[in-house]
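Worksheet: the structure to be examined is printed underneath.
Positions are given from 1, in the same order as the sequence printed here.
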Amino acid sequence: MSKKKKINKLKENTVRSVNNNIRSSVRKLNPILKAIVGKKVDVAIRELQFSAKRITKEIRKTVSSAVANAENNNQYDIDKLIVKEAYCGKKIVMKRFRPRAKGRAAPILKPYSTITIILSEAKQMESHGSKS
């Protein structure tokens, strides 16, 4: 018996970019990623640019890569792109040891993460009525 092939329902108008081996923990990445979900791409990149966190540079590169994928591979309009999903997962954990008093050692854990950014094209809202 072979595995059944997964069918991705969201694949119609989505673009994705993955950045592996980011030197930061998932706990530090999650709040930043939750802040950009649902926003337009240019607004998300601007927010990441002026954030004080060190890791936002890597997230900004991943979002820019997803935008380039959307423009180059799928010919999407950059102005209509929004961040549909942004999530991270655990990768490896480097283990180091620090010498302590009385011949003991304390572990230092250096976690790595992976970031996935999924963009989609926003539907154009139709305006009704005579107001402009």
Inset, instruction - Could you check if a side-chain atom of Y76 sits within less than 4.5 angstrom of a side-chain atom of V15, using non-hydrogen atoms only? - result: yes
Legend entry - Non-hydrogen atoms of T114 and K91 that approach each other most closely: CB-CD, 4.4 Å
Inset, instruction - State, with a plain yes or no, whether a side-chain heavy atom of N20 is found less than 4.5 Å away from one of I115. - result: no
Legend entry - N/O donor-acceptor pair under 3.5 Å between T116 side chain and V18 backbone: no
Legend entry - Reported CD-to-CZ distance for the pair E85 and R16, which is rounded to 0.5 angstrom: 10.0 Å
Inset, instruction - Check whether any side-chain heavy atom of I82 sits under 4.5 Å from a side-chain heavy atom of L119, and report yes or no. - result: no
Legend entry - Atom CZ of R60 with >12 non-hydrogen neighbours under 6.0 angstrom: yes
Legend entry - K39 side chain vs A35 backbone, donor-acceptor pair below 3.5 Å: yes
Inset, instruction - First locate atom CD1 of I59, then atom CD of E47, and finally report the distance between them rounded to the nearest 0.5 Å. - result: 12.0 Å
Legend entry - L81 and K40, any side-chain heavy atoms less than 4.5 Å apart: no
Inset, instruction - Return yes if a side-chain donor-acceptor contact under 3.5 Å exists between N13 and S120, otherwise no. - result: no
Legend entry - Closest non-hydrogen atom pair between E58 and N19, with its separation: OE1-ND2, 3.6 Å
Inset, instruction - Verify the cluster assignment for V37 and V63: are they in a single hydrophobic cluster under the rule of side-chain heavy atoms below 4.5 Å apart? - result: no
Inset, instruction - With rounding to the nearest 0.5 Å, note down the distance linking CG in L29 to OG in S113. - result: 5.0 Å
Inset, instruction - Give a yes or no on whether the backbone of P111 and the side-chain of R23 come within a donor-acceptor separation of less than 3.5 Å. - result: yes
Legend entry - Side chain E121, main chain D77, donor-acceptor under 3.5 Å: yes
